[in-house]
Amino acid sequence: MPTAPAAFLRFLALLIFAALPVAAQAQSCDGALLPPGPDGRVAGHFPYGDAPPGDIVPAPAGFGLKPYCRVHRAMLGDLQRLLDAAKADPSVGGALRGLSCHREVARQRNVFCRDRSVSAAERAISVAPAGHSEHATGYAIDFAVRPAKGCPDAEACMAASPAARWLIANARRFGFEMSFPAGNKQRVKWEPWHWRWVGTSPSEPGAAQARAIFAKARAQFPADPGIRDPLRVVVTSQPPVPVVPVAAPPAPMKKRGGRR
């Protein structure tokens with residue numbers, strides 16, 4: 001017969017086991033998401049944890065459409081340079097603003113669960129489940145254009161705007177790449193407004209960490225436009241040139257005189 005402590009522990013384990021389906025349902029709102037695949041993806045999205053709070057800082061003044069727009073400190077300089085360049089270029093046709101910046105995991109859960117009129121699998125095409133959003137890293141930004149000129153935020157019509165065309169042509173110069181291009185095989189909606197920062201080169205301060213976080217996504221589903229580092233071939237030593245010995249030509253044979 002089990003002792004009282006053992007019986008209590010068994011009862012507690014049963015309670016935890018019974019609560020697991022409820023917890024899983026709370027994570028996906030309606031419990032309809034498939035479990036993670038071999039690479040950790042859920043409904044096409046890679047797992048990303050919250051950035052350390054000390055690494056998240058306010059975005060440049062006036063950039064966010066909402067007052068709580070914050071970004072990873074490592075990308076702040078490049079973001080400011082991108083905004084300055086866009087502001088100085090009359091072809092942009094407006095101002096680039098921050099529609100959505102850093103979103104911690106808890107807030108992402110609210111965003112993902114906001115629309116219950118469609119299934120979780122359908123929502124995941126355009127909104128990452130909690131714990132699987134690039135926004136949690138602080139390196140991702142959803143851009144908007146003001147004035148919007150009839151195109152709602154976070155819609156494909158943005159791709160035809162002069163501002164989006166400017167981003168496609170110039171964002172790479174400031175370390176940004178489009179995470180979810182048209183026709184991507186990640187099963188994520190084409191998002192011409194969503195750009196992640198990975199730095200202009202691996203040696204840029206903070207870029208190595210950003211690239212490590214997005215390593216799987218960049219390897220399996222390359223961004224387009226994406227940042228491609230030039231291939232460098234480093235020769236540490238020159239191998240010796242093989243010397244092939246040349247055989248001496250055979251001596252000419254003397255002709256023997258015959259009898260006449």
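Position 1 is the first residue of the sequence; numbering continues from there. Side chains included, hydrogens not; waters and symmetry mates left out as well; all remaining heavy atoms used. All figures in this text were calculated on a predicted structure; none of them were measured in a lab.
- Across Leu83 and Leu96, no two heavy atoms sit closer than the pair CD2-O, 3.9 Å.
- Arg123 places a side-chain N or O within 3.5 Å of a backbone atom of Val118 that can act as its donor or acceptor partner.
- With a 4.5 Å cut-off between side-chain heavy atoms of Ile, Leu, Val, Met, Phe, Trp and Tyr, the cluster of Tyr68 takes in none.
- Atoms SG and CG, from Cys69 and Asp142 in turn, are 10.0 Å apart once rounded to the nearest 0.5 Å.
- Here the side chains of Arg228 and Pro222 are in contact, with some heavy-atom distance below 4.5 Å.
- Counting heavy atoms from C-beta outward, Val111 and Val127 have side chains that approach closer than 4.5 Å.
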* Derivation and outcome, side-chain contact (heavy atoms from CB on, under 4.5 Å), residues Arg146 and Leu65 -> CA-CA 10 Å; Arg146 291 296 182 271; Leu65 290 174; 3.4 Å; yes

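- Considering all non-hydrogen atoms of both residues, Trp190 and Ala156 come closest at CZ3-CB, 4.0 Å.
- In terms of heavy atoms, Arg73 sits closest to Gly54 at NH2-O, 2.8 Å.
- When side chains are defined from C-beta on, Pro47 does not count as touching Val42, because their heavy atoms never get closer than 4.5 Å.
- Put simply, CG on Asp229 and OG on Ser201 are 7.0 Å apart, with the number rounded to the nearest 0.5 Å.
- The shortest heavy-atom contact between Ala43 and Ala124 is CB-CB, 3.4 Å.
- The CD atom of Gln108 sits 9.0 Å away from the NE2 atom of His45 when rounded to the nearest 0.5 Å.
- Pairs of residues two or more places apart, or lying in two chains, that qualify as ring-ring contact (aromatic ring centres under 6.0 Å, His included) and include a residue from residues 198-228 are Tyr48-Phe214.
- Inter-residue side-chain proximity for Cys157 and Pro152 is flagged as met; some heavy-atom pair is nearer than 4.5 Å.
- The stretch residues 80-107 participates, sequence neighbours left out, in these salt bridge (charged side-chain N to carboxylate O under 4.0 Å, His left out) pairs: Asp78-Arg81.
- Note on Val71 and Ile56: separate hydrophobic clusters, where clusters join Ile, Leu, Val, Met, Phe, Trp and Tyr whose side-chain heavy atoms are under 4.5 Å apart, directly or indirectly.
- Contacts classified as salt bridge (charged side-chain N to carboxylate O under 4.0 Å, His left out) and involving residues 37-49 (residues at least two apart or in different chains) are given here: Asp39-Arg41.
- A donor-acceptor pair under 3.5 Å is formed between the side chain of Arg165 and the backbone N or O of Ala160.
- In terms of modelled atom types and a separation under 3.5 Å, the side chain of Arg211 and the main chain of Arg218 share no donor-acceptor contact.
- Taken from SG in Cys101 to NZ in Lys66, the straight-line distance is 10.0 Å, to the nearest 0.5 Å.
- Side-chain N or O atoms of Asp55 include none that pairs as donor or acceptor with a backbone N or O of Ala51 at under 3.5 Å.
- Inter-residue side-chain proximity for Ser119 and Glu122 is flagged as met; some heavy-atom pair is nearer than 4.5 Å.
- Contact record, Gly199 with Ala207: CA-CB, 3.9 Å, taken as the closest heavy-atom pair.
- Among residues two or more places apart in sequence or in another chain, the ring pair (Phe, Tyr, Trp, His ring centres under 6.0 Å) test is passed with His194 by His135, Phe180.
- By the ring pair (Phe, Tyr, Trp, His ring centres under 6.0 Å) test, His132 pairs with no residue at all, sequence neighbours left out.
- Considering Trp195, Trp197, Phe176 as possible partners of Leu79, the one that fulfils the side-chain contact (heavy atoms from CB on, under 4.5 Å) test is Phe176.
- Each ring-ring contact (aromatic ring centres under 6.0 Å, His included) pair with one or both residues in residues 69-106, not counting sequence neighbours, appears once here: His72-Tyr139.
- In this structure the side chain of Met158 reaches within 4.5 angstrom of the side chain of Val145, judged on heavy atoms.
- Evaluation of the salt bridge (Lys or Arg N to Asp or Glu O under 4.0 Å) rule for Glu204 yields no partner, not counting sequence neighbours.
- With sequence neighbours left out, Arg70 forms a salt bridge (Lys or Arg N to Asp or Glu O under 4.0 Å) with no residue at all.
- Contacts of Asp224 classified as salt bridge (Lys or Arg N to Asp or Glu O under 4.0 Å), with partners at least two apart in sequence or in another chain: none.
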* Leu33 and Phe112: CA distance, side-chain angles, deciding distance, side-chain contact (heavy atoms from CB on, under 4.5 Å) verdict -> CA-CA 12 Å; Leu33 286 175; Phe112 183 77; 4.0 Å; yes

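- Between the CE atom in Met178 and the CG atom in Asn184 there is a gap of 10.5 Å [rounded to 0.5 Å].
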* Residues Val57, Leu76; criterion side-chain contact (heavy atoms from CB on, under 4.5 Å); working and verdict -> CA-CA 8 Å; Val57 298; Leu76 191 59; 4.0 Å; yes

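- For the salt bridge (charged side-chain N to carboxylate O under 4.0 Å, His left out) condition, no pair includes a residue of residues 181-192, sequence neighbours left out.
- By the 4.5 Å heavy-atom criterion applied to side chains, Val92 and Pro162 are not counted as neighbours.
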* To do: For the pair Leu82 and Leu167, evaluate side-chain contact (heavy atoms from CB on, under 4.5 Å) and give the outcome as yes or no after the intermediate values.
  => CA-CA 9 Å; Leu82 180 149; Leu167 280 172; 4.3 Å; yes

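- In this structure Arg172 satisfies the salt bridge (Lys or Arg N to Asp or Glu O under 4.0 Å) test with no other residue, sequence neighbours excluded.
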* **Derivation and outcome, side chain to side chain donor-acceptor pair (under 3.5 Å), residues Thr137 and Glu134** => CA-CA 6 Å; Thr137 67; Glu134 292 188 349; over 6 Å; no

